[in-house]
Amino acid sequence: MQYLPKVKEEPKNGRVWSPGITLYVQVPLTLGGSEIPLGAYTVYLIPGGKSWTLIVSRNVTPGTPYNTSQDIARAPMEIGEIPDPTKELELSFAHMSAKLCSLRVYYQKTGAFTDFLEKN
């Protein structure tokens, strides 16, 4: 995964946010019931008051506007307030089991989480 910690645009509740995240998939994955094949993808987020949504898009051309027809997967994200707010975007993967990892997104006072599964 590649991303820029300095956010160019602030997220707005209910609107697609492009914080500049590129996901590189090296083994087939599933997210929210959708399959993600090998390749590079742009990750978009839709922040909300009670949950966020993670979107994986085929479109990796920098500066291109978001287009729903390029979505390959969407998944809800659990959110919570983090004790130490961040000024920059922070991402990490947590290994949960042999074929399960959790993507963790931290920005300002929010931590958002969703799981990726390795496809069998």
Side-chain angles (χ1 to χ4, degrees):
M1 180 164 288
Q2 177 181 344
Y3 71 100
L4 303 170
K6 297 259 187 217
V7 174
K8 293 180 182 177
E9 66 178 75
E10 291 297 315
K12 295 181 177 109
N13 278 348
R15 296 190 179 230
V16 174
W17 179 38
S18 177
I21 303 169
T22 304
L23 174 68
Y24 298 97
V25 176
Q26 297 177 342
V27 296
L29 301 173
T30 60
L31 173 72
S34 298
E35 295 181 15
I36 304 173
L38 305 179
Y41 303 94
T42 298
V43 173
Y44 295 95
L45 302 165
I46 302 175
K50 295 185 180 181
S51 70
W52 285 22
T53 300
L54 180 121
I55 303 166
V56 176
S57 173
R58 290 180 190 92
N59 185 4
V60 292
T61 306
T64 304
Y66 171 71
N67 182 337
T68 58
S69 70
Q70 295 293 309
D71 291 1
I72 193 164
R74 280 182 173 235
M77 301 181 81
E78 294 180 41
I79 63 168
E81 190 169 320
I82 56 177
D84 297 316
T86 65
K87 292 184 180 188
E88 295 185 341
L89 181 67
E90 295 179 13
L91 303 178
S92 65
F93 277 104
H95 185 80
M96 307 301 281
S97 67
K99 295 190 179 243
L100 174 70
C101 70
S102 175
L103 172 62
R104 297 164 185 234
V105 179
Y106 303 101
Y107 188 64
Q108 296 175 344
K109 296 180 181 180
T110 303
F113 317 91
T114 196
D115 294 334
F116 285 85
L117 292 167
E118 183 178 337
K119 187 174 177 259
N120 292 330

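Interatomic distance, CG of Leu91 versus CG of Leu23, reported as 10.0 Å (0.5 Å rounding). With rounding to the nearest 0.5 angstrom, the CD1 atom of Ile55 is 10.5 Å from the CG atom of Leu31. Note that CZ of Arg58 is 7.5 Å distant from OH of Tyr41, once rounded to the nearest 0.5 Å. Rounded to the nearest 0.5 Å, atoms OG1 (Thr30) and NZ (Lys99) are 10.5 Å apart. Rounding to the nearest 0.5 angstrom, the gap separating the CG atom in Leu29 from the CG atom in Asp115 is 11.5 Å. Residue Tyr44 holds its OH atom at 8.5 Å from CG of Asn67, rounded to the nearest 0.5 Å.
Inter-residue side-chain proximity for Val25 and Phe116 is flagged as unmet; no heavy-atom pair is nearer than 4.5 Å. Here the side chains of Ile79 and Pro47 are not in contact, with every heavy-atom distance at 4.5 Å or above. Side-chain contact check for Gln108 versus Pro85: every heavy-atom pair is 4.5 Å or farther apart. For the pair Val7 and Trp17, the minimum side-chain heavy-atom distance is below 4.5 Å. With a 4.5 Å cut-off on side-chain heavy atoms, Thr110 and Trp52 count as touching. Contact of the Leu54 side chain with the Leu45 side chain is registered, since non-hydrogen atoms from C-beta on lie closer than 4.5 Å.
Cluster annotation: Leu89 and Leu103 are assigned to the same hydrophobic cluster (Ile/Leu/Val/Met/Phe/Trp/Tyr, side-chain heavy-atom contacts under 4.5 Å, transitive). Under the 4.5 Å side-chain heavy-atom criterion for grouping Ile, Leu, Val, Met, Phe, Trp and Tyr, Met77 is connected to Tyr3 within one hydrophobic cluster. Under the 4.5 Å side-chain heavy-atom criterion for ILVMFWY residues, a single connected hydrophobic cluster contains both Ile72 and Ile21. Note on Leu38 and Val56: separate hydrophobic clusters, where clusters join Ile, Leu, Val, Met, Phe, Trp and Tyr whose side-chain heavy atoms are under 4.5 Å apart, directly or indirectly.
For the pair Arg104 and Ala94, the tightest heavy-atom approach, listed with the atom from each and the gap, is NE-CB, 3.3 Å. The two atoms that bring Cys101 and Phe93 nearest to each other are SG-CD2, 3.6 Å, heavy atoms only.
Atom CD of Glu118 has more than 12 neighbouring heavy atoms from other residues, nucleotides or ligands inside a 6.0 Å radius. Other residues, nucleotides and ligands contribute only 12 or fewer heavy atoms inside 6.0 Å of the CD atom of Gln26.
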Do Ser57 and Asn59 pass the side-chain hydrogen bond (donor to acceptor under 3.5 Å, both in side chains) test, and can you show the C-alpha distance, the side-chain angles, and the key distance before you say yes or no? CA-CA 5 Å; Ser57 173; Asn59 185 4; 5.4 Å; no
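A donor-acceptor distance shorter than 3.5 angstrom exists from the side chain of Thr114 to the backbone of Pro76, with no hydrogens or angles considered.
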